[in-house]
Amino acid sequence: MLAEASVDDLPALVREFDGGRPRWIWSDTRRWYPSLLQAGVRVERCHDLRLVGAVLADSESVGPARASAPDRPAWLPRGPAEAAAGLTVAVVPSSAASSAGGAPALFELSDHAAHPPQVQPGDAEPAHRARDGVASAREVAAEHDRQESLIARSSSPGALRLLLAAESAGALIGAELAAAGVPWDADVHDRVLEAELGPRPAAGRKPERMEVLAAQVRLALDAPRLNLDSQADLLRALRAAGIGVASTSRWELREHEHAAIDPLVAYRRMSRLLTANGWTWLGEWVHDGRFRPEYVPGGTATGRWATSGGGALQLPKQVRAAVSADPGWWLVVADAAQLEPRILAAMSGDRRMADAGRGRDVYRGIVDAGVVETRDQAKVAMLGAMYGATTGESGRLVPRLHRAFPAAMALVDRAAAVGERGGRVTTLLGRSSPLPPETWRAIQSRASEPDATPADERRARSSARDWGRFTRNFVVQGTAAEWALCWMAGLRTRLAAIEVGELARPAAASGAAFQCSPHIVYFLHDELIVHAPEGVVDDVVAAVREAAAEAGRMLFGSFPIEFPLDLAVVGSYAEADD
DNA sequence: CGGCGCGGCGCC
DNA sequence: AAAGGGCGCCGCGCCG
């Protein structure tokens, strides 16, 4: 079935068909979903051809199947920056059709008014197709078939299906987060800024307190015209004053005793707050009591999300007091405690490491097992093992973990070895790392030529180890990202099923699709916040916990691993920060 | 003038 | 107190 419609009809189409629980197939969630949400319409499931195509293009699980399959079509956007526009389609397998194995329904949505087609007479393959992600309904259906075939012929279709469903759910959630927004109290934020920086300065000026600190630094360094914001000038002035630093970073400054250091560090701290999350940021990113950052699901190589504006992934603790629930609503703040060590234990099948975390803090468990003496040592050793530390206290402690947890350490060591050779590594569910860039290969081959110098060899070894640290971390960080996606996707489904009774005060600023029901408002790698009406907070807490337990089972089956949550029901994000 | 790399630093 | 992985954003300063 092929139906033609205008993009403006999409909300009505979705309303009509979503009750049948179809999986909507579309080119790019970022192209289609925001306008649906704006119309107050949510979809339950989707297949994001762009995101799925990106995973399949690299996944080693697909391996041989890819060689005999056609390439991804040129119209399919590659990167998140290339949002598709123009004529394109949504494909809906109706519940009846899919259960009967019949053909899906195709909807071809024209958007000619907004994006007139630029086809010149005689164009075989119009240039705007490749550029804008424009495709016909048949092309979208064909791409879906191609992707399904790759999955079916892969070495682990089940794991890959889970990953790709979670990835697509993540795309829906990313759009929903933007639509709902983080409830933000601009007055609280303003009070934080005044407490830290003093009164708001006039446009183009710095806060008085920063000027005072700058004057102290200039006096102490005997550099009356010094610009503290210029790293080069500052380094020169520090060295001229006899402070032997190689950089102006805070940790290096802190190793010296000088009258300039304290005011300089204080200036830096204030400058950071002012430029990253000051009044300008507040005016640009917070409107009507909501902070709406732009998330980029699947935006990093490991599968973690990125952001393309607003800096949502780096909200400093200083301003988290401004994240506050609407009247009659609460924030349910949950983060997975020591997610990455637990992920490593489970994916490597290391029962002793899993035991160390059962019913307690992982790092405590490592101390209790007699591996190291203090919790801090356990933490730096574990981080060092996952990040590839070779020096310092961390590097010295890692060998103790090798003796205690050989299976877990062998997994990350193997991943590092593959990376050092320039190979790919793959997460539990099948996301593979990118290959190193051409420049990296050039450095390696230079070192193996007969006339290679010791410097060439050093450079090659160093860049090989750099890439090895990346792949070492990739398997753990990437699998942790998969757990987090499954957690969040399961939570989203559960939240949608929670019945909200008579609600005293709808959260109007959350948008038509969310104002009466609990919804996720923030996500940060292993942590999320649900904005929940007073009456259903207990249901939301239970949903958050159940979804975490279910994510563990989906990834690791019956392997005895726990993913405990630190969870708090609070009025303000800052209160969750014990 | 805009683009880009880098240092520094916020988050996990 | 950093180290070792992943990011984004800011200001600076260089380049075309």
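Residue-to-nucleotide contacts include no donor-acceptor pair under 3.5 Å from the side chain of A:Glu393 to the base of C:dA1. Between the side chain of A:Arg304 and the base of C:dC7, no donor-acceptor pair under 3.5 Å is found. At a cut-off of 3.5 angstrom, counting only N and O atoms as typed in the model, there is no donor on one side facing an acceptor on the other between the side-chain of A:Gln231 and the base of B:dG7.
At the heavy-atom level, A:Val380 lies under 4.0 Å from base atoms of the strands shown. If you check every strand for non-hydrogen atoms under 4.0 Å, A:Arg469 touches sugar and phosphate atoms only. At the heavy-atom level, A:Arg269 lies nowhere under 4.0 Å from the strands shown. Residue contacts shown for A:Ser308 are limited to sugar-phosphate atoms, with no base heavy atom under 4.0 Å away. If you check every strand for non-hydrogen atoms under 4.0 Å, A:Arg320 touches sugar and phosphate atoms only. Among the heavy atoms of the strands, none lies under 4.0 Å from A:Thr390. Counting non-hydrogen atoms under 4.0 angstrom, A:Ser249 reaches the backbone sugars and phosphates but no base. A:Gly310 comes within 4.0 angstrom of sugar-phosphate atoms only, judged by non-hydrogen atoms across all strands, and of no base.
Side-chain proximity of A:Ser394 to the nucleotides C:dA3, C:dC7, B:dC9 is greatest for C:dA3. The side chain of A:Ser230 approaches C:dG13 more closely than any other nucleotide in the set B:dC12, C:dG13, C:dA3. Of all nucleotides listed (C:dC7, C:dG11, C:dG6), C:dG11 comes nearest to the side chain of A:Thr275. Relative to the side chain of A:Leu524, the nucleotides C:dC12, C:dA3, B:dC11 differ in distance, and B:dC11 lies closest. Which of B:dC12, C:dG11, C:dC9 sits closest to the side chain of A:His525 comes down to B:dC12. For A:Trp251, the listed nucleotide lying nearest its side chain is C:dA2; candidates were C:dA2, C:dG11, B:dC12.
Atoms CE and CD, from A:Met382 and A:Gln377 in turn, are 13.0 Å apart once rounded to the nearest 0.5 Å.
With respect to A:Arg400 and A:Glu373, a salt bridge is recorded, a charged nitrogen being found less than 4.0 Å from a carboxylate O. With respect to the salt-bridge test (charged N to carboxylate O, under 4.0 angstrom), the residues A:Arg342 and A:Asp526 do not qualify. Comment: A:Lys379 does not engage A:Asp376 in a salt bridge, judged by the lack of any side-chain N to carboxylate O separation of less than 4.0 angstrom.
Between A:Trp305 and A:Tyr295, the ring planes lie perpendicular to each other; the angle is over 60°, past the 30° to 60° tilted range. Taking the six-membered ring where tryptophan is involved, the planes of A:Phe291 and A:Trp285 are perpendicular, since the angle between them exceeds 60° and thus also 30°.
The CG atom of A:Leu315 sits 8 Å away from the C1' atom of B:dC11 (whole-angstrom rounding). At whole-Å resolution of the value, CD in A:Gln314 and P in C:dC7 are 13 Å apart. Atoms CG (A:Leu264) and C1' (B:dC9) sit 13 Å apart, rounded to a whole Å. Summarising the geometry, the separation between NE2 on A:His256 and P on C:dA1 is reported as 17 Å, rounded to the nearest angstrom. Per the geometry, CG belonging to A:Asp566 stands 12 Å off P belonging to B:dC12, to the nearest Å. Between the CG atom of A:Asp229 and the P atom of B:dC9 there is a distance of 12 Å, given to the nearest Å. In this structure, A:Asp526 atom CG and C:dG5 atom C1' are separated by 14 Å, rounded to whole Å. Distance A:Arg268 CZ to C:dC12 C1': 12 Å, rounded to the nearest Å.
Residue A:Thr302 has no polar side-chain atom (N or O) positioned under 4.0 Å from OP1 or OP2 of C:dG5. The shortest distance between the side-chain N/O atoms of A:Thr307 and the OP1/OP2 oxygens of C:dC7 is not below 4.0 Å. For B:dG10, one of the phosphate oxygens OP1 or OP2 lies less than 4.0 angstrom from a side-chain nitrogen or oxygen of A:Arg250.
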Checklist entry - Are A:Glu482 and A:Met347 close enough, and set up right, to give a side-chain contact (heavy atoms from CB on, under 4.5 Å), and what steps lead you there? => result CA-CA 12 Å; A:Glu482 288 165 350; A:Met347 70 189 295; over 6 Å; no
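No aromatic stack links A:Tyr387 and the base of C:dG4, using centre distance under 5.5 Å and interplanar angle under 30°.
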